[in-house]
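First the proteins, then the strands, lettered A, B, ... as listed; each starts at 1. Computation of the quantities below employed the complete heavy-atom set of this structure, encompassing side-chain atoms and omitting hydrogens, waters and symmetry-equivalent molecules.
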Amino acid sequence: MLPDIAVKYRACFAPGVSTELRIQKNITRRAAMRQGILTTNQRSDVQGVSARVYDRGVWGFSSASDISDEAVQTVLKEARRNAHVLSSKAKTQKPALPALLQGAFPAQPDFTDVKQAVYIQALKELDAFVQTNCPKLKSRTLVISSDAMEKQLVTSDGFSCHTLAPRSYVYLFFTGETKDGTPVEVFSPIGGRGAFDTQFATLDGVKQEVLALYEHLIKKQEGVYADAGLKTVILNGMMSGMLAHEAVGHTVEADLVKAGAISSQFLNKQVASPLVNMVDFAHTYDGKPVPLPIYVDDEGVKAEDVTLIENGILKDYMQNRELAMEMGMTPRGNARAWLFSDEPLVRMRNTAVLPGQSKLSDMIASIEDGYYLMNSTNGQADATGEFMFGVSIGYEIKNGRLGRALLDTTVSGVAFDMLKTVTMVGDTISWSSSGFCGKKQMIPVGMGGPDLKCQITIGGR
Amino acid sequence: MNTSKHLAALALDTIMSLGADAAQVSAALSTLNELNATQDGMSLMRTTHDTAITIACIKDHKKGSIAINDGSAAAIEAACRTCLESLRDAEPDEAWEFCSEPTQKTTVGGASVDPDLMYDRVDELLTQVQQQYPLIQFEAIIVDHRQSDATYLNSHQVCYESQKSRYHASFSFVAAKDGQSSSFAGFSAYSKDLAQPLLDMDGAREAFENAQKLIAPKAYDSKITGQVLLSPDCFADLLFSLLENTVADGVMLDGTSLWKDKLNQKVLDNKLTVRLHPHDERMVIMAEHTAEGYPAKDFTLLDKGVLKSFLLSKYIANKTGKEPAPNDSSAIIIEGGVLPMRDLIANVRDGLYVGYFSGGQPVQSGEFSGVAKNAFRIKDGKIAEGVTETMISGNLIDMFNRVIGLSQETLSNGTAVIPWALVDGVTISGK
């Protein structure tokens, strides 16, 4: 745990400018086995201090990888100097940022930094289980990854806080082959919020997922290509979470809105079926913590939920302080940085489609000819609202029943066209936080959703 | 004052004295100066002072590694102890090794940071683009300079030192008019000295021109299997996806590579000669050694479609009994072809130009599908209207065995030199 020292430096802040001081540590623990061989055995600790200053419409930032009085004084001075030099050269004269709610968020409980031996033993146990129970695999790769961000933040204007955000995942990658020897692959992430010893007190849940994933692979070995074109599909919870993130979320980040994203034209307009509701959650959903709880963002803004879509109407954007001021809107804690040496950017937190009323069995039964798409590999979004994500596990739906497995494919569409085709929304939400979102910096994000029946363009033959 | 050599030597001495059989340390001290701007003007000046220390050790044929950024003696000692502890439960594997050929090499290069020049170049770009490409709206312009002092040392008297610097410029933008906009487009390139205006960097003008032509693209209205012209970025992206699935460590270790027995055999079209040449004078970013400390040597990966090397680390080479790659850079060079682009596409009746590919990860079989981004129809030998909601799919191995030609023109961005590539056998489909 970082010593609680940031608050004492508030007295060093220059008057008349907004200042953030952040002391931060990121840890990553990773071990990987491929075909039973331990190919990766790594630990990483990155820590340091940074300061950011806002002066008449521009920012100055400085960071150092040393946590000391001298380093703090250096970064504060350099950030102020960078802001002042830039403002003077660019002759900016924008007003100060609006005032924020002030306060202090209490330190969160520490977590165990699990020794590397624990990860290696877990890998060995899982690998042995896979070898015994999945005899038809051509290859298996198991990865265990834990990371955590610890931040101490003190600001001139807003909240100060000491936050911890660990997460832990096991990733399974299985390869089989079709009758003609063509490789087929499946992948599954299992895990969530918390250190490895709390998330995986036993490996029983992972072993269940091993068996389920193996079954998908066996079926995929007999898989067929999707028919290319516009199709009726059910996106499962993981996929609809990806949809919330890629198809909508990025287009309503205020920096991309300002840069020309299509959502700039649709505020308070119908952009989706009235069945669709979407929220970027700060820290709690339905009384429980979301995968990556954010209580205070890296600008000192106390975090609140952002309702993005309500009954199909676009209601809000995700902001930072500066853009919120420009747009006459309210920042709700979306400014986040990945490393101590990164400045806060507008980022999603836990973006989810809200559940509805329909049962999955009824949704499948309602489709004569379509697909049930279950697992995504990656995704991307665009200013025009065009999105895509890769699909690695999916099944035909024929006459209301699940059919043959699909070989890998990609789905795409234009978000605010595709969301208007949603006709059924499942009644259970699934959450995931296994990957990273890329922008200028990577950052962990949570995403969630229920099963969704909609129309989407699918790639195939 | 600490130097990278001092930190590396301290870490190496510490881990060897704690009982490692062999070890390697990479240490780097760097300063990044970065200027950011948006369409409205300058937005952020950022300076970071970074320390990076990576320690890897082998004991009883078991390997562990740790990365820290605290250069204090106490932190280095703690990291070394953790590194040794982390390997205790690993299985012994005699394939782990570090370079054991004693080597000493020092490289120096690059210009010192000139913040005024950086400011002037960004200011100049904003002005020039407003005048010459008035429909462009920047999301971000980022110009940075990194100065690094780096040292690699290992326990076999291998030592590489470098004092280097470079500039990097990247922009992301849309083109917009009358409430409609193009897709996001981007540009990225390295420079030794920022001697030329940013707008004159290779590929910048084409990026802005294409974006302006992509406002209000049309929906693609058919489905054909035909010819596609890949931009250099798209060509490199798809080719490297294929190489990752055919000649890289993972697929070679588990034996699922379709090319594992194809060394010195023809695997792709004979128009493809691919070199990894980090020492080419067009490369701004260059590492002198591999991750295991071997000197980085230029080599040919594919020679007229014949596979001449795998892309293996020394560890996987030892595991598989094959040769390691002479360097582990991504300094790819594919020289241009005979015809200029306009002649290359002259016989394309109905095809597609793809600026970049946005799709699921291509799989080991080579199958791929995804969205053609920043794409134009090619009709009757010319690049025609911009298209949207257009997917391309096929098999990368098949596609790169059906290369109709490479353009005479190449794009050189400081890390790669790539032409445009016209390929056949791609399914192009709309809604």
Problem set entry | Choice from A/Phe389, A/Tyr119, A/Tyr54, A/Phe61 maximising heavy atom contacts with chain B below 4.5 Å |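 Looking at each option in turn, the highest pair count goes to A/Phe61.
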Exercise. Looking at A/Gln47, A/Gln265, A/Lys138, which one has more heavy-atom pairs under 4.5 Å with chain B than the rest?
Worked result: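 It is A/Gln47.
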Looking at [Y] and [X], is there a salt bridge between them, counting it only when a charged N and a carboxylate O are closer than 4.0 Å?
| X | Y | value |
| --- | --- | --- |
| B/Lys373 | A/Glu386 | yes |
| B/Arg46 | A/Glu78 | no |
| A/Lys115 | B/Asp89 | no |

Exercise. Do B/Gln364 and A/Thr175 come close enough that some side-chain heavy atom pair is under 4.5 Å?
Worked result: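 A side-chain contact exists here, since the closest heavy-atom pair is under 4.5 Å.
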[X]-[Y] side chain donor-acceptor pair, cut-off 3.5 Å:
| X | Y | answer |
| --- | --- | --- |
| A/Thr182 | B/Ser365 | no |
| B/Lys62 | A/Asn41 | no |
| A/Ser341 | B/Thr48 | no |
| A/Asn82 | B/Thr47 | yes |

Problem set entry | Residues of residues 24-32 of chain A within contact distance of chain B, non-hydrogen under 4.5 Å |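 Not one residue of residues 24-32 of chain A has a heavy atom under 4.5 Å from chain B.
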Problem set entry | Test applied, side chain to side chain donor-acceptor pair (under 3.5 Å); reference residue, A/Ser65; option that passes from B/Thr51, B/Asp70, B/Asp50 |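 Exactly one candidate clears the test, B/Thr51.
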If I measure from the heavy atoms of chain B, does [X] come under 4.5 Å with its side chain, its backbone, both, or neither?
| X | result |
| --- | --- |
| A/Phe340 | side chain |
| A/Asp66 | neither |
| A/Val85 | side chain |
| A/Thr377 | side chain |

Problem set entry | Set of salt bridge (Lys or Arg N to Asp or Glu O under 4.0 Å) partners for B/Arg88, sequence neighbours left out |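 Partners of B/Arg88 under the salt bridge (Lys or Arg N to Asp or Glu O under 4.0 Å) test: none.
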Exercise. Looking at B/Ser181 and A/Thr384, what are the two nearest heavy atoms and their distance?
Worked result: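 Taking every non-hydrogen atom into account, O-CG2, 3.7 Å.
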Exercise. With no hydrogens and no angle check, is any side-chain donor or acceptor of A/Arg34 less than 3.5 Å from a backbone partner on B/Gly250?
Worked result: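 Yes: the side chain of A/Arg34 pairs with the backbone of B/Gly250.
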